[in-house]
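Written out below as structure tokens is the structure these notes cover.
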Number of protein chains: 2
Amino acid sequence: MAAKVPRKNNGRSRGATTIAQVAAEAGVSPATVSRVMNDRFVGEDKIAERVRETAVRLNYAPSYSARSLALGQTQAVAFVAPDLRNPAFQAILSGLSTTANEDGYRVLIGDSAESVSEEPLLAREIRRRCDALVLCAPRMPDHELVDLASTLHPMVLVNRSAAGAAPALTVDYRTGIESLLKHLYELGHRHIAYVGGPTHSMSDKYRRDGLQSFTAQNADLAVTEVPGGVASEDGFNAVDAVISTKATGVLAFNDLVAIGLLGGLQERNVRVPEEISVAGFDDIPFARYIAPPLTTASVPHEELGVQAWYRLRSLIEGKEPGHDMVFQPRVEIRASTAVRRPD
Amino acid sequence: MAAKVPRKNNGRSRGATTIAQVAAEAGVSPATVSRVMNDRFVGEDKIAERVRETAVRLNYAPSYSARSLALGQTQAVAFVAPDLRNPAFQAILSGLSTTANEDGYRVLIGDSAESVSEEPLLAREIRRRCDALVLCAPRMPDHELVDLASTLHPMVLVNRSAAGAAPALTVDYRTGIESLLKHLYELGHRHIAYVGGPTHSMSDKYRRDGLQSFTAQNADLAVTEVPGGVASEDGFNAVDAVISTKATGVLAFNDLVAIGLLGGLQERNVRVPEEISVAGFDDIPFARYIAPPLTTASVPHEELGVQAWYRLRSLIEGKEPGHDMVFQPRVEIRASTAVRRPD
DNA sequence: GACCTGCAAGAAAGCGCTTTCTCAGAGTCT
DNA sequence: AGACTCTGAGAAAGCGCTTTCTTGCAGGTC
């Protein structure tokens, strides 16, 4: 009968050099190798040197999985947003990723696509794979958001707040759109169409609040809402509805929608801004290059991502995350809006 | 003296329910819980039911780290690109991410930013965190690419090939730009400027090859190269150089550069396409909306991402990755190019 | 020289899973 | 009834690290 030999490598061979191999080769214990690799070694320099030399010779690199298990942390964070194809979210991601990388953290992405109902599940699932989460969930119902925020710590919210359950980085859409509306008002426009965002999304609600607030103060101003969406095609599809309102100015939910709108208007030979003024929101990088350059409210998306990381990092380190921040959009006046022409 | 009690939980408490707790609570062994959770259980239904019930009651979810270590795989893949702010790469990422998600894989992102030299390190580092890698590295020297490809398996290359060392999904930039050049030629342009991409990038080299090939066949055509880059500002900065070539048509390295160029041209009151025709490359979503709508060569970036996932998946499963694919750009003629006006 | 101190390095436990191995007990066959 | 095969479920090893605990040994003190 065969001698009972301890099963090694669990039957599978994974190939990569392990800490044990380095230890054996260098004639030390795995503990020593670990300490050397993590700069916690306090013994003789010769030993450390030998370990280091052996490690590079054997092409050793510690296993992330093993390390994660032992340490209880993954050195990764997640970013969940409803639509990664939107340049605004990409900018946030870019800011987050770049900054997190500097601290040795990588980011995992989660695109909740269209499905609002799947969002909490996705957030939970992806959160379990890493150490923290940045969540953009404009359409998630408040109670679910609070629920998530209280269970998924550490996490930071972008564009939403959850009653203090998690640090929040928000944008003052309300004031932003109010400024845009004021801009149009000052240009003489008295009838304005608003091509809205997704129904039930908070980012849309804030905008409506802003519009309402300004309208309430100016009796001679009328704002008509037109169903829109988040993407260029939504703007494109809203063109007829916009034209039929006879409004002389249009505010779009975001730049993407505004751009689609511009495309549709042009197709129908409606001149912008001569016949109708159009403004977007976000100031995505292309807003200034389209025809005509788009008046919009600039939001510092990259900065939002950067700040999100700083807060996450504090939270991971068990420190205070710092105060919540509310970013104020800045109106960028470009050529897509102009003084209202007499009819 | 205190009785020697085995140290539990390594001193730290991580809070989450473990498989052992579920097992204890359900009165079974951890092995059984594991089997039930992974649908490998073959025993009595009552037991399975009890385990499942206990698991949801205790809010149990297996630890990804532990699972990764035991299984030797992470259910994640990485995407490394030189600039995640470029819509073209974002589209690839989007296609990759969406498709991978359907198979339960998440994607980790790596932005190699400007630094070509750091790219191999980044790729290696991030690759060790997951099961496979999609690499876009237009500027990496061939030998390094081959080196990487042979050591980082499974991986797939996008926009580059490495002598069969890894599956490659490429775009026929050469033919693409040749078609664009032909388009301008047919419009009567005989002197064309090419605002190039990053020096030493393969994607730029392919384009130059295409230009040269067409130029060689048409003696009455002159193409002047102008240094450019990858971003809109590079195009913007190239404006004076372009104007001074006196070319009547311009081909830009990509849409971003073309858009910047358009912006700069407009600022100097040079009308497009009346005075000069401009074409880009990639057909990013905004290309059709800018002013004037940009003639460009359309590349199916999302599809590239989708195909990248399919190949990665095959590789992960130990299957054949399928044939390499070369995507053919399709010329999209829009308003930024027009017949050359007599001087 | 016995005793204590301090320090360098190893032994081993633990992280939370998966999976092989093992072994009762039930069922089958002659 | 005894031998034999299944089969269901648990024991335990293993994944590759980190870190606590332990120990051997050199140097210092009285």
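Here is the naming used below: chain letters follow the sequence lines, and residue numbers restart at 1 for every chain. The figures that follow rest on heavy atoms only: side chains count, while hydrogens, waters and symmetry mates do not. Since this is a predicted model, take the numbers as computed values, not measurements.
- Residue B:Ser63 is in sugar-phosphate contact alone, with no base atom involved, counting any heavy-atom pair closer than 4.0 Å across all strands shown.
- The distance from atom CZ of B:Arg129 to atom P of D:dG16 is 19 Å, rounded to the nearest whole Å.
- Among the protein residues, B:Arg35 comes within range of the nucleic acid bases, having at least one heavy atom under 4.0 Å from a base atom.
- A salt bridge does not link B:Asp111 to B:Arg85: none of the charged nitrogens lies less than 4.0 Å from a carboxylate oxygen.
- Here the C1' atom of nucleotide C:dT19 and the CE atom of B:Met37 are 17 Å apart, to the nearest Å.
- One finds no side-chain N or O of A:Arg40 lying less than 4.0 angstrom from the OP1 or OP2 phosphate oxygen of D:dT18.
- If you take NZ of A:Lys46 and P of C:dA8, they are 17 Å apart, rounded to a whole angstrom.
- Distances from the side chain of B:Ser34 to the nucleotides D:dT18, C:dT18, D:dG10 place C:dT18 closest.
- When the C1' atom of C:dA9 is taken as reference, atom CD of A:Glu44 falls 10 Å away, rounded to whole Å.
- Comparing atom distances between the A:Ala70 side chain and each of C:dC17, D:dT19, C:dG14 picks out C:dG14 as nearest.
- Nearest-nucleotide mapping onto DNA chain C: of B:Ala61 and A:Gly43, the residue sitting toward the 5' end is A:Gly43.
- Computed from coordinates, the B:Asn38 CG to C:dC17 C1' distance equals 9 Å when rounded to whole Å.
- In this entry the distance linking CD1 of A:Ile19 with P of C:dA12 reads 17 Å, nearest Å.
- Checked against D:dG16, C:dA11, D:dC17, the side chain of A:Tyr60 finds its nearest nucleotide in D:dC17.
- Residue A:Thr32 has no polar side-chain atom (N or O) positioned under 4.0 Å from OP1 or OP2 of C:dA9.
- Residue B:Gln73 contributes atom CD, which lies 20 Å from atom P of C:dG16 at whole-angstrom precision.
- Evaluation of atom-type donor-acceptor distances gives no pair under 3.5 Å for the side chain of A:Arg67 against the base of D:dT19.
- Among the heavy atoms of the strands lying under 4.0 Å from A:Thr18 are primed sugar atoms or P, OP1, OP2 only; no base atom is included.
- Considering only the side chain of A:Ser29, C:dA11 comes nearest among D:dT19, C:dT18, C:dA11.
- For A:Ala31, taking side-chain heavy atoms from C-beta onward, the closest of the listed nucleotides C:dA11, C:dA9, C:dT18 is C:dA11.
- The pair A:Lys319-A:Glu317 counts as a salt bridge, with a side-chain nitrogen and a carboxylate oxygen less than 4.0 angstrom apart.
- Nearest nucleotide to the side chain of A:Ile47, out of C:dA9, D:dG10, C:dT19: C:dA9.
- Between the CG atom of A:Leu69 and the P atom of D:dG14 there is a distance of 17 Å, given to the nearest Å.
- No hydrogens or angles considered: nothing links the side chains of A:Glu25 and A:Tyr60 as a donor-acceptor pair under 3.5 Å.
- A:Tyr64 comes within contact range of no nucleotide atom at all, as no heavy-atom separation falls under 4.0 Å.
- Checked for salt-bridge contact, B:Arg139 and B:Glu119 miss the test: no charged N lies under 4.0 Å from a carboxylate O.
- Not one N or O on the side chain of A:Arg313 forms a donor-acceptor pair closer than 3.5 Å with the backbone of A:Ala308.
- A salt bridge links A:Arg124 to A:Asp147: at least one charged side-chain nitrogen sits closer than 4.0 Å to a carboxylate oxygen.
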